[in-house]
Structure formats: C-alpha cells, structure tokens
Amino acid sequence: MTTPPRKSEAKAQDVLKALTRHQAHHEISIIKLSEPITNYAAHEPRQRNSDASSLEGPTPAGLEADLAHYSELFSKLRFSYVEQVTKEKFIRAIVGDPPLIVSMRENLALEKQNLEAKAELKNLKQEVASMVEDLERKARELCQIYKNVQLETARLEELPMKVHGLQAQVAELKSSRATADSNPNMNLPLTKTKQLVSRRQAEQQEVTRELEALQSKLPRKRKEAERLEAELGPLETKRQNSRAAAREAKRRKEAALGGVGDDLEQRARWWRASESILSQLLDTKS
C-alpha cells in the first residue's frame with residue numbers, strides 16, 4: 001500500500017529536521033578534530049614557526065606536517081632521555097661504594113634481554129603501524145560517507161520544492177485530462193491512436209493532392225474567365241441598346257395613333273423577346 005504524497009512529504013521533512021539537529025549537535029570538521037593539538041600548542045612556552053601549518057586555520061596537510069614535526073621531536077627527546085639515563089647510571093656505578101662491576105655473563109644476559117625487548121618493540125611498532133593504517137583508511141571512508149551525507153542532505157532540502165513542482169504538474173495533467181475526456185479520440189489506446197493518426201495522415205495527403213490539382217487548373221480557369229468576360233462585353237452593350245430601343249418604342253407607342261402604334265407594339269414585343277433571350281444567355285454564361 002503506497003503512502004499518500006502529503007504523508008511522504010511530512011515524513012521527509014521530519015527526517016531532514018532530525019538530521020539537521022543531529023549535525024548541529026555532532027558537527028564534524030577538521031577544526032574540531034584539531035582542537036586538542038591547538039589547545040596544547042597554545043599552552044606551550046615555546047612555539048615553533050612553520051609555514052606548513054597554521055594554528056588559526058588547520059588543514060589536513062598542516063596537521064600531517066605537525067605530526068611529522070612532533071614525531072621528530074619525540075625521537076630526539078627519547079634519544080636524549082636514554083642518553084642522560086645511561087650516563088647517570090654509569091656515573092653512579094663508578095662512584096658508588098663499592099663500585100658496580102658487571103661481568104661478561106651479565107652483559108650477555110642483558111644483551112639477550114635487550115634483543116628480545118627490541119624484537120617485541122618491533123612487533124609492537126608493526127602492530128601500531130597497521131592500526132594507524134586501518135584508522136587512516138576508516139577515517140577516509142568516514143570522510144567520504146560524511147560528504148555523501150552532506151550531499152544527500154542538500155538534495156533532501158531541495159526535495160520539498162521539487163515535490164511541490166511535481167504536484168503542480170500532476171494537477172495540470174489532471175485538468176488537461178478532464179478537458180480531453182470530452183473528446184473520445186483522446187482516450188483511445190495506443191494501437192487505435194496509431195491507426196487514427198495514419199488515417200488522418202492519409203486524408204491530409206489526399207486533400208493536399210486535390211489542392212495541388214486545383215492549383216494546376218487555376219491558370220486555365222483564369223484564362224477561361226477572362227475570355228468569358230471579353231465575350232460578355234459586347235453582349236452587355238447589346239443588352240443596353242435593346243433596353244434603350246425598348247424604352248424608345250414604348251414612348252413612341254404612347255405618342256403614336258392608329259396603325260403606327262400597332263407597328264411599334266410589334267416592334268416592342270420583338271425587342272422584349274430579344275432582351276429576354278439575351279438575359280438568359282448572359283445568365284447562362286455567368
């Protein structure tokens with residue numbers, strides 16, 4: 001069963017808030033990790049000046065330089081300590097009463113113990129080096145994981161805006177679908193839609209062919225129309241003359257007397273018949 005969009009969005013926002021609170025209380029940065037070193041260095045009576053590391057803004061490279069520097073100081077300090085302790089023991093052995101005399105057997109036993117202690121120390125150093133390598137590898141992995149978490153957090157912060165945009169698109173698609181429901185062709189399956197598109201394309205091609213045929217006939221029809229207009233000119237002139245003659249005949253008939261009037265009457269009838277024939281001819285031509 002799918003979770004409603006609003007519940008999913010609320011859940012994502014809750015996760016984002018919880019993650020933000022966790023990061024605020026457990027901030028991890030190179031500055032936080034270097035605080036023990038910087039605090040210790042601040043209380044030292046003498047501080048070294050190094051271009052590789054700055055206590056105000058420590059960096060991974062600077063911390064590595066500090067580590068190498070402190071390792072070198074520790075080695076020198078250890079050598080000085082061993083040298084000082086050895087001198088002190090030797091002097092006490094000489095000036096003691098009675099003086100401490102060490103035999104060859106005791107020297108061999110001490111040398112043997114020293115070799116065993118060196119071998120054990122070497123093993124311990126190897127174990128420590130292996131542990132350091134594992135810690136560095138895990139630190140790099142954790143750093144990569146932390147970067148991925150930050151990236152996913154940024155994406156999660158952008159998620160609500162994208163969700164709102166997608167919801168707006170869904171609402172728009174629903175409204176367009178509601179308007180498309182009135183047209184049954186918009187709800188056809190894919191196969192019938194392809195068939196309808198093919199049929200409409202065939203009809204469009206047929207209309208295009210008919211239009212091209214009509215366009216090819218257009219110059220001939222235009223010339224024929226011009227010829228008919230040229231023939232219509234004289235007929236129109238005759239028609240006007242016939243009307244004028246008919247009016248003149250009517251006028252003479254009204255003014256004439258006797259047989260002259262009958263003659264005009266016949267002529268008028270003849271003109272009317274001619275006018276009717278010409279009118280029919282002109283209507284047919286047009």
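Being a predicted model, the structure only gives us computed values, none of them experimental. Values reported hereafter were calculated over all heavy atoms of this structure, with side chains retained and with hydrogens, waters and symmetry mates removed.
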Heavy-atom side-chain contact between Glu152 and Leu156 under 4.5 Å:
no

Suppose the criterion is side chain to side chain donor-acceptor pair (under 3.5 Å): which pairs have a residue in residues 209-228, not counting sequence neighbours?
Glu206-Arg209, Arg227-Glu231

Under the criterion side-chain contact (heavy atoms from CB on, under 4.5 Å), which of Lys238, Arg243, Glu236 is the partner of Gln240?
Glu236

Pair Ser130-Asp134, side-chain contact (heavy atoms from CB on, under 4.5 Å): steps then yes or no:
CA-CA 6 Å; Ser130 178; Asp134 292 339; 4.0 Å; yes

Rounding to 0.5 Å, atoms OG (Ser279) and CG (Leu235) come to a distance of 10.5 Å

Could you tell me the separation between the OG1 atom of Thr86 and the CD1 atom of Ile91, rounded to the nearest 0.5 Å?
11.0 Å

Can you find a heavy atom in the side chain of Tyr70 that is under 4.5 Å from one in the side chain of Asp66?
yes

Please assess Glu275 against Trp271 for the test side-chain contact (heavy atoms from CB on, under 4.5 Å), listing each intermediate value before the final yes or no.
CA-CA 6 Å; Glu275 183 181 2; Trp271 285 114; over 6 Å; no

Once rounded to the nearest 0.5 Å, what's the spacing between atom NZ of Lys147 and atom CD of Gln150?
9.0 Å

More than 12 heavy atoms of other groups within 6.0 Å of Glu172 CD:
no

Sub-3.5 Å donor-acceptor pair from the side chain of Thr208 to the main-chain atoms of Gln204, do we have one?
yes

State the CE-CD distance between Met104 and Glu111, to the nearest 0.5 angstrom.
9.5 Å

Scan residues 112-125 for pairs that pass side chain to side chain donor-acceptor pair (under 3.5 Å), counting only residues two or more places apart or in two chains.
none

Does the pair Glu141/Arg137 count as a salt bridge with the N-to-O cut at 4.0 Å?
yes

Working to the nearest 0.5 Å, report the span between CE of Met161 and CD of Glu158.
8.0 Å

Atom pair CZ (Arg247) and OG (Ser242), whose distance is rounded to the nearest 0.5 Å
10.5 Å

Taking side-chain contact (heavy atoms from CB on, under 4.5 Å) as the criterion, tell me which of Lys192, Arg200, Lys194 meets it with Leu196.
Arg200

I want to check something: taking the side chain as every heavy atom from C-beta on, are Ser75 and Phe79 in contact at a cut-off of under 4.5 Å?
no

